[in-house]
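All remarks here apply to the structure that follows.
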Amino acid sequence: MQTRTIEWRDGTVLTIDQSKLPWETVTLEMKSCGDVAEAIKTMKIRGAPLLGAAAAFALALTASHSKRKSKEELIYELEKAAEILKSTRPTGVNLFWAADRILAKARNFSGSAEDLAAFVVEEAKKIADEDVAANRMIGKFGAELIIDGDVVLTHCNAGALATVEYGTALGVIRAAWEQGKKISVIATETRPKLQGARLTTYELKRDGIPVTLITDNMVGYVMYKRMASKVIVGADRIVQDAVINKIGTFTIAVLAKEHDIPFYVAAPKSTFDLAHKSSDVIIEERKPEEVTHIGSLRIAAEGVNALNPAFDITPLDYVTAIICESGILYKKDFDKFK
Ligand code: MRU
């Protein structure tokens with residue numbers, strides 16, 4: 001049985017096709033870097049930390065199926081594979097971080113091509129294991145912020161499905177729940193790809209954690225009525241001045257500030273990109289049909305233009321704290337980001 005969202009098994013990579021959830025649970029078997037790149041582009045695999053692990057395993061597939069004659073040829077093949085992976089989705093940093101980590105270690109590797117191939121597979125497994133360990137620590141630290149009676153609002157899916165296992169924002173919620181805290185969750189549906197409605201509610205329901213689904217435009221009402229006591233979201237990239245996360249996150253952060261509701265971000269250090277600021281980051285623009293249609297059903301008049309940025313930028317001023325595997329970072333710590 002597959003317990004992790006992504007796994008290396010006998011020279012193939014197994015994952016769950018998230019585009020089919022919650023209707024069907026379909027295991028996707030990927031045998032090449034091209035298979036992984038395609039799964040990322042079509043969002044069968046999504047969520048920043050999972051994309052990091054997927055990129056690492058894609059390089060492991062390249063290495064283990066390579067017909068390399070020399071170490072230099074294998075490194076060249078890995079560089080080409082990393083280029084393909086980096087062209088899939090531009091915003092989440094974990095994919096770039098994982099690919100660059102493996103490439104840097106491969107370039108410094110002393111040994112045969114065969115040894116290097118085995119090393120790359122082990123390094124990819126290590127990246128996946130580290131993600132699980134980071135999420136557990138995020139859960140442990142973050143749960144300290146949660147008290148009995150809290151209603152936690154979350155956006156998109158920052159759960160086990162967005163990571164190798166356990167989750168970041170949902171990891172905090174899970175840890176608090178496992179400690180016996182009486183909490184519940186409000187999940188926003190997250191138009192246009194509906195990760196909140198399709199994935200977050202699915203995960204929480206499976207774990208028996210009470211969850212209520214709302215549409216994205218209900219957040220103001222919910223906060224005004226004091227129906228949510230805290231917000232916890234994940235992140236796709238944390239830069240010197242901002243948190244970049246699923247489109248709609250900034251709106252929620254502004255509303256939380258207006259209503260004095262703590263706004264927490266949970267993310268592993270592999271999501272931190274402190275060499276850059278928000279103006280350096282490419283915000284992924286996806287096809288307009290995701291907005292003009294719901295699934296295959298057109299909901300706008302034919303020919304209507306639509307905007308479809310997949311992420312937005314929340315200045316750190318709106319963030320109460322960032323929970324990572326080393327602990328909880330508060331405003332005074334954000335000053336050290338620059
Ligand atoms: O477009 P997606 O589904 O890949 O976007 C995912 C998110 O924005 C998540 O909130 C983020 O990756 C954090 S996941 C732990």
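Both counts, for ligands and for their atoms, begin at 1 and track the order of listing.
Between His155 and ligand 1, no N or O atom pair is found at a separation short of 3.5 Å. At least one N or O atom of Ala48, backbone or side chain, sits closer than 3.5 Å to an N or O atom of ligand 1. Between Lys246 and ligand 1, a contact under 3.5 Å exists for at least one N or O pair.
Distances from ligand 1 to the non-hydrogen atoms of Arg89 include at least one value under 4.0 Å. Proximity of Met43 to ligand 1 is established by a heavy-atom distance of less than 4.0 Å. For the pair Gly47 and ligand 1, a heavy-atom separation below 4.0 Å is found.
A donor-acceptor pair under 3.5 Å links the side-chain atoms of Thr62 to the main chain of Ala58, judged by distance alone. The backbone N or O of Ile16 lies less than 3.5 Å from no partner atom in the side chain of Lys44, so there is not a single donor-acceptor pair. For Thr200 (side chain) and Cys156 (main-chain N/O), a donor-acceptor pair under 3.5 Å exists by modelled atom type. A donor-acceptor pair is defined here as one N or O able to donate and one able to accept, closer than 3.5 Å; such a pair exists between the side chain of Arg198 and the backbone of Leu21.
Within the set Thr168, Thr249, Thr190, the minimum heavy-atom distance to atom 15 (C) of ligand 1 is found for Thr168. Selection from Gly196, Ala162, Gly92, Gly159 by nearest heavy atom to atom 14 (S) of ligand 1 gives Ala162.
A side chain to side chain contact (heavy atoms under 4.5 Å, CB included) with Leu50 is found for exactly one of Asp131, Ile40, Thr163, Ile45, namely Ile45.
Cluster partners of Tyr318 are Phe250, Val254, counting Ile, Leu, Val, Met, Phe, Trp and Tyr whose side-chain heavy atoms approach within less than 4.5 Å, directly or via other members.
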